Amino acid sequence: MKETRTRRSYDKAFKLMVVELHKTGKTFTEVGRELGISGDLVRRWVREFEATGDHSFTGNGKPVLTPEEREITELKKALKEAQIERDILKKAVSIFSKSDNNYSGS
């Protein structure tokens with residue numbers, strides 16, 4: 001029977017502290033050993049911080065967006081909704097125009 005492990009989560013402040021410790025010249029493994037985490041995890045956090053800076057470690061897979069990126073996301077959502085509404089209206093027009101042709105007028 002396998003043991004189930006609970007996944008540990010770390011807050012942004014802890015991850016930033018880990019990155020700062022690594023910047024002091026310690027290796028990934030040394031920092032990990034001191035804090036009880038794997039060196040690979042330290043390496044991944046350092047890499048993420050170097051790639052995205054202040055936008056790192058947003059949590060739960062939700063990236064921090066710039067105002068322009070947020071606006072683009074909102075506009076894409078609005079466009080998709082408008083396209084769905086348009087398609088529904090096209091189908092409705094098609095259905096009603098077919099039923100009008102069958103009407104004898106008596």
Side-chain angles (χ1 to χ4, degrees):
M1 210 159 139
K2 289 184 179 181
E3 279 187 41
T4 57
R5 285 187 175 181
T6 57
R7 185 174 177 163
R8 298 190 311 185
S9 62
Y10 303 95
D11 64 359
K12 183 174 182 169
F14 180 79
K15 293 175 182 180
L16 290 172
M17 180 191 67
V18 169
V19 171
E20 290 302 316
L21 277 173
H22 174 69
K23 285 181 181 179
T24 64
K26 295 182 180 184
T27 66
F28 299 116
T29 307
E30 288 172 337
V31 173
R33 195 176 305 124
E34 285 180 20
L35 299 172
I37 58 177
S38 75
D40 289 336
L41 191 55
V42 175
R43 182 179 295 111
R44 188 172 69 204
W45 291 345
V46 168
R47 209 176 319 130
E48 180 178 344
F49 183 78
E50 288 172 349
T52 57
D54 291 335
H55 298 296
S56 302
F57 318 126
T58 57
N60 297 330
K62 295 181 180 179
V64 175
L65 301 176
T66 64
E68 293 83 12
E69 291 170 329
R70 191 176 309 113
E71 183 180 11
I72 289 170
T73 302
E74 290 170 3
L75 289 171
K76 284 182 178 181
K77 183 178 177 183
L79 175 62
K80 185 171 182 122
E81 288 176 5
Q83 288 171 333
I84 290 170
E85 290 173 1
R86 178 206 59 207
D87 292 343
I88 290 170
L89 289 172
K90 278 184 178 179
K91 288 179 184 177
V93 166
S94 171
I95 290 169
F96 286 120
S97 62
K98 285 180 186 176
S99 65
D100 287 346
N101 291 340
N102 295 336
Y103 182 68
S104 64
S106 53

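Given the structure is predicted, the values throughout are model-derived calculations rather than measurements. If you read the sequence from its start, that first residue is 1, and numbering goes on from there.
- With sequence neighbours excluded, no residue forms a side chain to side chain donor-acceptor pair (under 3.5 Å) with R86.
- For S94 (side chain) and K90 (main-chain N/O), no donor-acceptor pair under 3.5 Å exists by modelled atom type.
- Checked against salt bridge (charged side-chain N to carboxylate O under 4.0 Å, His left out), R43 has the following partners two or more places apart in sequence or in another chain: D40.
- Atom-to-atom distance recorded for K12:NZ and L16:CG is 6.0 Å, nearest 0.5 angstrom.
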Enumerate, atom names and distances included, each donor-acceptor pair closer than 3.5 Å involving a side-chain atom of residues 28-38, sequence neighbours excluded.
unit_1, atom_1, unit_2, atom_2, d
E30, OE1, T27, N, 2.9
E34, OE1, K26, NZ, 3.1
E34, OE2, K26, NZ, 2.7
S38, OG, L41, N, 3.1

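- Looking at residues two or more places apart in sequence or on another chain, you find a salt bridge (charged side-chain N to carboxylate O under 4.0 Å, His left out) between E20 and K23.
- Under the rule for a side-chain contact (heavy atoms from CB on, under 4.5 Å), D87 has no partner lying at least two apart in sequence or in another chain.
- Judged as a salt bridge (Lys or Arg N to Asp or Glu O under 4.0 Å), not a single pair has a partner in residues 71-83 (not counting sequence neighbours).
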Test side-chain contact (heavy atoms from CB on, under 4.5 Å) on H22 and V18; report intermediate values, then the result.
CA-CA 6 Å; H22 174 69; V18 169; 5.8 Å; no
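- Through direct or indirect side-chain contacts shorter than 4.5 Å among Ile, Leu, Val, Met, Phe, Trp and Tyr, L89 is connected to no other residue.
- Grouping Ile, Leu, Val, Met, Phe, Trp and Tyr by side-chain contacts under 4.5 Å, direct or through others, puts I84 with I88.
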